[in-house]
Amino acid sequence: MKIDFKGITAEELSFKLNRVKLNPEDKLDIKPQFSRQVRKVNGNEKLNFIALSVKIESTEKEPKPFDINATLVGVFEVTELRNEKEERNFVIEGTKIIYPYLRSAVTNLTANAFIAPLNLPVISGPIFPEDRDQFAFTTGGGNLN
């Protein structure tokens with residue numbers, strides 16, 4: 001399998017300040033929610049898109065000082081995907097390529113809003129739980145929970 005990273009674009013970058021009153025003694029739990037979508041281009045099986053998103057939303061039950069929606073789309077040319085296992089490995093590796101860009105976008109989005117920049121955690125392994133099982137299986141590693 002050969003992966004050629006062609007580029008990345010922002011599909012959505014939004015920030016909304018919420019006027020919520022937080023007590024100084026309360027611990028703020030941001031709880032970012034990640035999602036991913038993988039698409040192939042019709043007529044060109046080698047061209048693939050991976051859209052990686054993070055969402056932080058305030059709710060009445062869990063108020064947050066801001067809402068963020070960020071989606072970045074990576075473009076990849078992938079050759080020699082022979083089976084489902086190689087396709088899965090491409091998705092995991094492609095996600096690992098895009099994630100640092102998403103971290104940077106969120107940090108810049110919050111800094112440009114003139115609030116303390118939000119730094120998403122550095123993740124050295126797979127982000128999604130379903131990838132962790134695959135990662136442990138394909139590398140012989142243990143559980144990464």
Side-chain angles (χ1 to χ4, degrees), residues 1-18 20 22 26-145:
M1 166 178 65
K2 181 176 179 265
I3 301 172
D4 189 12
F5 179 51
K6 295 295 189 182
I8 194 161
T9 57
E11 191 170 272
E12 179 178 3
L13 292 173
S14 68
F15 175 91
K16 179 181 160 245
L17 189 63
N18 297 321
V20 294
L22 298 172
D26 289 347
K27 186 180 181 306
L28 185 61
D29 196 3
I30 297 293
K31 289 185 186 173
Q33 297 173 325
F34 295 95
S35 61
R36 170 181 61 200
Q37 186 178 30
V38 181
R39 299 186 309 265
K40 287 185 183 283
V41 173
N42 289 336
N44 184 352
E45 287 299 308
K46 291 181 181 179
L47 208 53
N48 292 264
F49 297 98
I50 297 178
L52 188 59
S53 301
V54 64
K55 184 182 281 194
I56 298 167
E57 286 185 311
S58 185
T59 62
E60 211 172 294
K61 188 178 174 185
E62 294 183 15
K64 296 177 179 59
F66 52 79
D67 291 346
I68 289 179
N69 274 321
T71 301
L72 299 184
V73 180
V75 182
F76 299 88
E77 190 172 271
V78 185
T79 54
E80 302 169 21
L81 285 179
R82 293 183 289 266
N83 54 42
E84 193 175 309
K85 182 178 171 184
E86 284 189 357
E87 263 188 61
R88 194 82 200 123
N89 285 339
F90 154 66
V91 171
I92 292 169
E93 290 305 311
T95 301
K96 284 173 28 178
I97 290 170
I98 298 168
Y99 182 71
Y101 292 97
L102 186 64
R103 283 187 74 235
S104 177
V106 168
T107 299
N108 289 330
L109 196 58
T110 51
N112 288 336
F114 302 104
I115 65 168
L118 173 63
N119 294 304
L120 295 176
V122 173
I123 300 175
S124 59
I127 297 170
F128 295 94
E130 63 269 22
D131 295 348
R132 292 181 191 138
D133 296 339
Q134 177 76 15
F135 183 76
F137 173 73
T138 59
T139 63
N143 193 351
L144 299 175
N145 285 340

Would you say NZ of Lys46 has more than 12 non-hydrogen atoms from neighbouring residues, nucleotides or ligands within 6.0 angstrom? no
Which residues pass the side chain to side chain contact (heavy atoms under 4.5 Å, CB included) test with Lys61, not counting sequence neighbours? Thr59
Search all heavy atoms of Phe34 against all heavy atoms of Tyr99 and return the closest pair with its distance. CE2-CE1, 3.6 Å
Taking it one step at a time, do Arg36 and Asp131 satisfy side-chain contact (heavy atoms from CB on, under 4.5 Å)? CA-CA 12 Å; Arg36 170 181 61 200; Asp131 295 348; 2.7 Å; yes
Compare every heavy atom of Phe90 with every heavy atom of Ile3, then report the nearest pair and how far apart it is. CD1-CD1, 3.8 Å
Should the heavy atoms of other residues, nucleotides or ligands under 6.0 Å from OH of Tyr101 be counted, would the total exceed 12? no
Looking at every heavy atom in both Thr71 and Ser53, which two are closest together, and how far apart are they? OG1-OG, 2.7 Å
Strictly distance-based, threshold 3.5 Å: is any side-chain N or O of Thr110 a donor or acceptor partner for the main-chain N or O of Val106? yes
Flag side-chain contact, heavy atom, 4.5 Å: Arg88 against Glu130: yes
List the steps and the verdict of side-chain contact (heavy atoms from CB on, under 4.5 Å) for Arg103 and Val122. CA-CA 8 Å; Arg103 283 187 74 235; Val122 173; 3.6 Å; yes
Test item: Val38 and Ile50 side chains (from C-beta on) under 4.5 Å apart, heavy atoms: yes
If the plane angle is over 60° it's perpendicular, under 30° parallel, otherwise tilted; pick one for Phe76 and Phe5. tilted
Just so I know, are the side chains of Pro65 and Ile115 near enough to count as touching, which here means a heavy-atom distance under 4.5 Å? no
Note, Glu87 side chain near Val91 side chain (heavy atom, < 4.5 Å): no
Which donor-acceptor pairs under 3.5 Å do side chains of residues 6-17 form with protein atoms, sequence neighbours excluded?
| from | atom 1 | to | atom 2 | distance (Å) |
| --- | --- | --- | --- | --- |
| Lys6 | NZ | Asp4 | OD2 | 3.0 |
| Lys16 | NZ | Asn18 | OD1 | 3.2 |

Within a 6.0 Å radius of atom NZ on Lys64, are there more than 12 heavy atoms belonging to other residues, nucleotides or ligands? yes
Would you say the side-chain atoms of Asn44 pair up with the backbone N or O of Asn42, donor to acceptor, closer than 3.5 Å? no
Return yes if some donor-acceptor pair links the side-chain N/O of Thr107 with the main-chain N/O of Leu118 below 3.5 Å, else return no. yes
Looking only at heavy atoms, which two atoms of Pro63 and Ser58 are closest? And how far apart? CA-OG, 3.3 Å
